[in-house]
Amino acid sequence: MTAGVRQEPREATRPRTPRRTRLPALLALLIGLAGVGYRLALLLADAPPTNSDEATMGLAALHIARGEGFPVWFYGQAYMGTLEAYLAAPLVALAGPSVLVLRLPTLALYALFLALSWRLTRRLGGDRWFALLVVAVLALGSDRVVKNQLIAGGGYPELNPAGAALALLTVSLCAGVAGARLPRRATAAGAEAAGSEAARLVRWAGWGLVSGLLLWADPLILPFVLALGAVLAASRRRELIGRAGAALAAGLLLGAAPMLLDSLRHGRNPLAAVLTASGADAAATWGDRLHGGLVLGPPLALGFCSPGHCAGWQLWWAPTFVVLLLLAAIAAWRTLRRTLRPADLGHFPFAANDNSPRSGDDPAGATEWRVSAAVRLALLAGAGAVLAAYTASSAAGRTPVESARYLSVLAVAMPALLWPLRAAARRAGLWPSPRHRDEATGSDRPGHHVDEPEPSNTGDRMRTRAAGVVAVAVLAGMLGTGAVATAGTIGAVPATHAEADRHRVLVDTLGALGARHVRAGYWTCNRLTFVTGEDVRCAVVDDDLRPGFDRLPEYRRAVDADPDAAWVAPTGSPLAARLDGRLGPGPGTLRMVEVPGWRIYLPRR
């Protein structure tokens, strides 16, 4: 009976990946490099414009590089961790203080975010063309987006890559080892099992470490951490009781250690400080909050608005975002319910453990789709919670354009948010149909998507076609609107570069005058101090020449001790007008040295 059976080479049983599937990966790489190159060009042209808050983080990096201090929080407050300062400190030690050096780590974080978003989209079950689309959307860079990604002002640049990494770790831990090949020899099986278990514990610890670092750096990401954590707890609760839970807890404590130790030492409550700073104690009407949060917030945060404002036609994304959020959540929930067996409804089985089907019982990759649906639902829940919390805050009503930075974390949910558009276009035959790659086995096979039922009659086919056309139109509108906003950002670069040149002339003039101590406005002071490497120390004053908010009080003490301290004010500012009134030829008056864009006032003796 076995005479007709012949042994085939192992390679013959492996379907080969068609060459055409490499095209979207190559395009994604090129688009990703273009996105990184565009942002590097902005940095070299002094864009986006810097400010004293970013310089405050630079001063923290400078102190860390010199070994003079190791700050836990952004100077002058008890929240927002200094992770960016620690990342930049080695570069500051090597190259000295500069805005470019301070921003190179944030550029690297953006590049990491693109790579993780590609990988996350693929692990969620998206094909390469869909992953290419996600990368293309994230490669665009409007004014608000590049500010969030590149300015090292605390919190924002690291949130998105860390959030994507957390989602990717969640997928990996939920998927487990389903579909893994069994080793041939018992000894090899033991070694491989031990190595797999060790690697798995590392992933658990990594999940905790990333979460802890995020909570220290900026608790804005907390809704995503809680949502993804709920998926892990539902799918791996038995595993969490053992060593996996201990590894996760150890990583979490390590990541959050700076925050926890400081809170225990000084009795500070970072959460209360964040709520106060966000405007929770200030007044704003609900009409203003809803307009700032739901109308202006999503277009600004996700890159569909021009520099500093949203034109009326650019606001189309606001209702579209809310609709997509709801449709994507419904689709993910329906997929999750369809892929769960009746006996498993109380267990949420996502992997080959004692609560889920083994690889041989898993029909058509249902395990992978359970994981995909659950993680997508978690990402959408996190995005919805962030948007709701921002809309409820007074910041959305009082300063909607600037405060839209609080919504920068919505980009983490982009693969889940765009899922319904890709599904509609695919059902309508308006989407490329590459072979589906099985992530567990590494082979390519035609795949049927659980959340994409085929139309059954003529009426359904017409509706499906119409939905597909609408989906493609929305995708085209996203890319077109984002490209216009990106072009607007590029158009503003010459003015930003000219302002940076004027500031460099100011710094050089202060050095030529021998001015080591100055008084200036808040948005001038720490910027001067950082770029001079503390050769110039500055104390903050308001427009009435009264002492202002000094993030480092020692600077004021040094300035007050110098009777020859100068004053610096932007040309045409209220501060300059007040100081002009003190000009004169006699003792006790001021003399003025003017440089482009700035006025320097020196005391007469």
Side-chain angles (χ1 to χ4, degrees), residues 43 50-94 97 99-113 115-116 147-169 205-225 250-263 265-266 268 270-271 273-274 277 405-406 408-409 411-412 526 530 551-552:
L43 296 188
T50 187
N51 54 50
S52 273
D53 279 349
E54 184 174 30
T56 300
M57 189 66 75
L59 288 170
L62 183 64
H63 298 157
I64 295 168
R66 292 174 175 174
E68 297 175 355
F70 300 94
V72 172
W73 304 115
F74 198 79
Y75 286 133
Q77 58 194 46
Y79 65 96
M80 193 182 299
T82 49
L83 179 60
E84 293 164 22
Y86 285 91
L87 293 176
L91 296 177
V92 172
L94 289 173
V99 175
L100 176 60
V101 166
L102 188 60
R103 291 178 175 180
L104 288 178
T106 65
L107 179 64
L109 287 172
Y110 166 73
L112 178 62
F113 177 50
L116 290 174
K147 285 179 178 177
N148 293 337
Q149 293 170 344
L150 299 180
I151 293 178
Y156 306 106
E158 60 266 38
L159 290 185
N160 286 346
L166 204 63
L168 197 54
L169 283 169
W207 200 100
L209 178 64
V210 172
S211 300
L213 287 173
L214 284 173
L215 296 178
W216 167 48
D218 197 326
L220 283 175
I221 198 73
L222 182 60
F224 286 91
V225 175
L252 182 64
L253 290 174
L254 179 61
M259 174 181 69
L260 297 175
L261 293 175
D262 182 81
S263 297
R265 182 179 177 185
H266 300 289
R268 295 169 175 167
L271 181 59
V274 170
R405 66 185 186 274
Y406 297 136
S408 63
V409 293
V412 176
N526 280 359
F530 172 63
R551 289 192 176 274
L552 289 99

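Keep in mind the model is a prediction, meaning the values are calculated, not measured.
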Can you tell me how far the [atom1] atom of [X] sits from the [atom2] atom of [Y], to the nearest 0.5 Å?
| X | Y | atom1 | atom2 | result |
| --- | --- | --- | --- | --- |
| W216 | S263 | CH2 | OG | 12.5 Å |
| L87 | T106 | CG | OG1 | 9.5 Å |
| I151 | L102 | CD1 | CG | 10.5 Å |
| L220 | L215 | CG | CG | 11.0 Å |
| L253 | S211 | CG | OG | 11.5 Å |
| L116 | L109 | CG | CG | 10.0 Å |

side-chain contact (heavy atoms from CB on, under 4.5 Å) partners of V99, counting only residues at least two apart: T50, E54, R103
If only atom types and distance count, is the side chain of Y79 paired as donor or acceptor with the main-chain N or O of F74 below 3.5 Å? no
W207 side chain to A165 backbone, donor-acceptor under 3.5 Å: no
Sequence neighbours excluded, the answer for side-chain hydrogen bond (donor to acceptor under 3.5 Å, both in side chains) partners of Y75 is H63
Write down the atom of [X], the atom of [Y], and the distance for their closest heavy-atom approach.
| X | Y | answer |
| --- | --- | --- |
| V72 | P258 | CG1-O, 3.5 Å |
| G163 | L214 | N-CD1, 4.4 Å |
| A85 | A60 | CB-CB, 3.8 Å |

Is any side-chain heavy atom of [Y] closer than 4.5 Å to one of [X]?
| X | Y | result |
| --- | --- | --- |
| L150 | L43 | yes |
| I64 | P71 | yes |
| T82 | F70 | no |
| R551 | N526 | yes |

Which pairs would a plain distance check flag for residues 152-162, meaning a side-chain donor or acceptor within less than 3.5 Å of a matching protein atom at least two apart in sequence or in another chain?
unit_1: Y156; atom_1: OH; unit_2: R405; atom_2: NE; d: 3.1
unit_1: N160; atom_1: ND2; unit_2: S408; atom_2: O; d: 3.3

